[in-house]
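Data block below; observations after.
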Amino acid sequence: MKSGEAGGATPRYLSFDDNGLVPQLFGDHDRHLARIEQRLGVALSSRGNQIAVSGPEGSADTAVAVLNALYARLKTGLPVSLAEVDAAVRIANEPAVEGEPTNLIEIKTPKRRITPRSRNQARYLQTLADNELVFALGPAGTGKTYLAVAMAVAMMEAGRVDRIVLSRPAVEAGERLGFLPGDLREKVDPYLRPLYDALHDMLPGEKVARKLASDDIEVAPLAFMRGRTLSNAFVILDEAQNTSAVQMKMFLTRLGENARMVVTGDLSQIDLPPGQTSGLADALDVLKDVEGIAMVRFTHVDVVRHELVTRIVQAYDGRPKQGNTR
């Protein structure tokens, strides 16, 4: 790809050397180009394999960076959709941190290749790769759990861990699972469904079933972690804001040899009874100076679901706090 002259209102010109990738870059009826125009306030005019970029200098520079990034993605064999366009715009708009790697980490799982959709997601993936215990905090839709499951699957497929253990506190049932109908799997499945969904995104269904049957993948409520030592495993605790301080200490001390542990949660979504301290909030305070523990914080900027979700999170975050914040 070659870029023409830049500056002010003077259009910038890009040409793409692989004509077979151009339709994928532009999108059906040029909808990818239209999304870039909408997001950045620029004008894009395409002819053949060329694009003219017009607009304020900073916005035009960002648009060029976005088009370059999307084209590079296509060159590696990865698809481009509107979600990837939004991600490229988000990353191009975020300031880079000095010393931060320019190449975004990629996770390969049997069903898909997963790349970060914000700079903070990229930092999170690198943190997961480098640390044995990671806390990930932030609102829904930021990829906290999804990316952790992706890293777990990739590490198991590479033989770096023998098994995956996924857990959530079944707080809606008050952990009184014996009062629910059905066998154990039927009792806990409704609370663990998001974890199953992530697994099925990354592994073929029959492989998920086989690994669940052999306990190479275990999905269990937090109450079932007591008394165990989890070695050679990638362990994820989701919705950790709904643990008690005692439960959190119990979970963290399950970490065994050659194990990785990720704790995810959103402190704005605590479902515990009024007056009960969140184990996640307590752990962040107790462990803030402990060497070897990494913490990643996401904000509404990192929400990668529907754009309306980002605005919803912003609206709730901007409202004055009411009631018991625990």
Side-chain angles (χ1 to χ4, degrees), residues 87 90-91 93-109 112-161 163-168 194-195 198-199 201-202 230 232-241 243 248 251-268 279-305:
R90 187 183 301 111
I91 290 172
N93 271 326
E94 293 176 20
V97 176
E98 186 177 353
E100 187 176 71
T102 55
N103 294 328
L104 300 181
I105 191 170
E106 175 184 291
I107 299 179
K108 295 181 180 179
T109 67
R112 62 175 56 190
R113 292 158 65 184
I114 297 166
T115 54
R117 292 186 173 180
S118 71
R119 289 193 184 276
N120 214 17
Q121 283 196 351
R123 297 180 194 113
Y124 180 45
L125 289 178
Q126 193 62 58
T127 301
L128 291 175
D130 295 341
N131 294 273
E132 293 178 335
L133 176 55
V134 177
F135 285 85
L137 314 169
T142 52
K144 306 181 301 294
T145 303
Y146 188 86
L147 293 176
V149 173
M151 183 65 76
V153 169
M155 290 185 67
M156 185 175 69
E157 291 291 302
R160 295 180 59 187
V161 295
R163 55 199 299 259
I164 297 172
V165 179
L166 309 175
S167 186
R168 293 181 100 185
L195 301 176
L199 285 172
D201 254 11
M202 298 159 201
L230 302 170
N232 299 306
F234 198 112
V235 189
I236 300 171
L237 175 60
D238 190 30
E239 299 288 347
Q241 75 275 1
T243 62
M248 178 61 74
F251 177 79
L252 294 175
T253 54
R254 301 309 95 199
L255 188 67
E257 292 295 321
N258 188 42
R260 296 290 180 106
M261 185 173 281
V262 182
V263 178
T264 71
D266 178 1
L267 289 173
S268 71
L280 178 58
D282 183 64
L284 294 175
D285 181 55
V286 171
L287 304 175
K288 61 181 180 293
D289 297 322
V290 175
E291 184 179 355
I293 297 177
M295 299 183 186
V296 178
R297 295 181 184 270
F298 293 94
T299 69
H300 64 84
V301 174
D302 303 297
V303 173
V304 294
R305 293 179 181 169

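Counting begins at 1 with the first residue of the sequence. Since we're looking at a predicted model, the values are computed, not measured.
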Any [X] side-chain heavy atom under 4.5 Å of [Y] side chain:
X    : Y    : answer
Q121 : I91  : no
L237 : T243 : yes
L166 : L199 : yes
L255 : V235 : no
F298 : R123 : no
V262 : F234 : yes
L284 : L267 : yes

Spacing of [X] atom [atom1] and [Y] atom [atom2] [to the nearest 0.5 Å]:
X    : Y    : atom1 : atom2 : result
R117 : T142 : CZ    : OG1   : 13.0 Å
T264 : L147 : OG1   : CG    : 11.0 Å
F135 : K288 : CZ    : NZ    : 12.5 Å
I114 : M202 : CD1   : CE    : 4.0 Å
D130 : L125 : CG    : CG    : 11.0 Å
L280 : D285 : CG    : CG    : 11.5 Å

Going by side-chain hydrogen bond (donor to acceptor under 3.5 Å, both in side chains), name the residues that satisfy it together with N131, two or more places apart in sequence or in a different chain.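 side-chain hydrogen bond (donor to acceptor under 3.5 Å, both in side chains) list for N131, sorted by chain: empty.
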Provide the closest heavy-atom pair for [X] versus [Y] in the form atom of the first, atom of the second, distance.
X    : Y    : value
P116 : A122 : CB-N, 3.5 Å
A148 : L128 : CA-CD1, 3.9 Å
V303 : A140 : CG2-O, 3.7 Å
M248 : A283 : CG-CB, 3.7 Å
R112 : D201 : NE-O, 3.4 Å
R168 : L195 : CG-CD1, 3.8 Å

Could you check whether Y124 and D302, counting side-chain N and O atoms only, form a donor-acceptor pair closer than 3.5 Å?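 The criterion, which ignores hydrogens and geometry beyond distance, is not satisfied for Y124 and D302.
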Taking it one step at a time, do M151 and I107 satisfy side chain to side chain contact (heavy atoms under 4.5 Å, CB included)? CA-CA 7 Å; M151 183 65 76; I107 299 179; 4.0 Å; yes
Does [X] use its side chain to pair, donor to acceptor, with the backbone of [Y] at less than 3.5 Å?
X    : Y    : answer
E257 : N232 : no
R113 : E106 : no
R260 : V134 : no
K144 : R297 : no
Q241 : D266 : yes

Side chain to side chain contact (heavy atoms under 4.5 Å, CB included) between L287 and L252: does it pass, once the steps are laid out? CA-CA 11 Å; L287 304 175; L252 294 175; 3.6 Å; yes
Checking side chain to side chain contact (heavy atoms under 4.5 Å, CB included) for the pair V165/R254: CA distance, chi angles, key distance, verdict? CA-CA 11 Å; V165 179; R254 301 309 95 199; over 6 Å; no
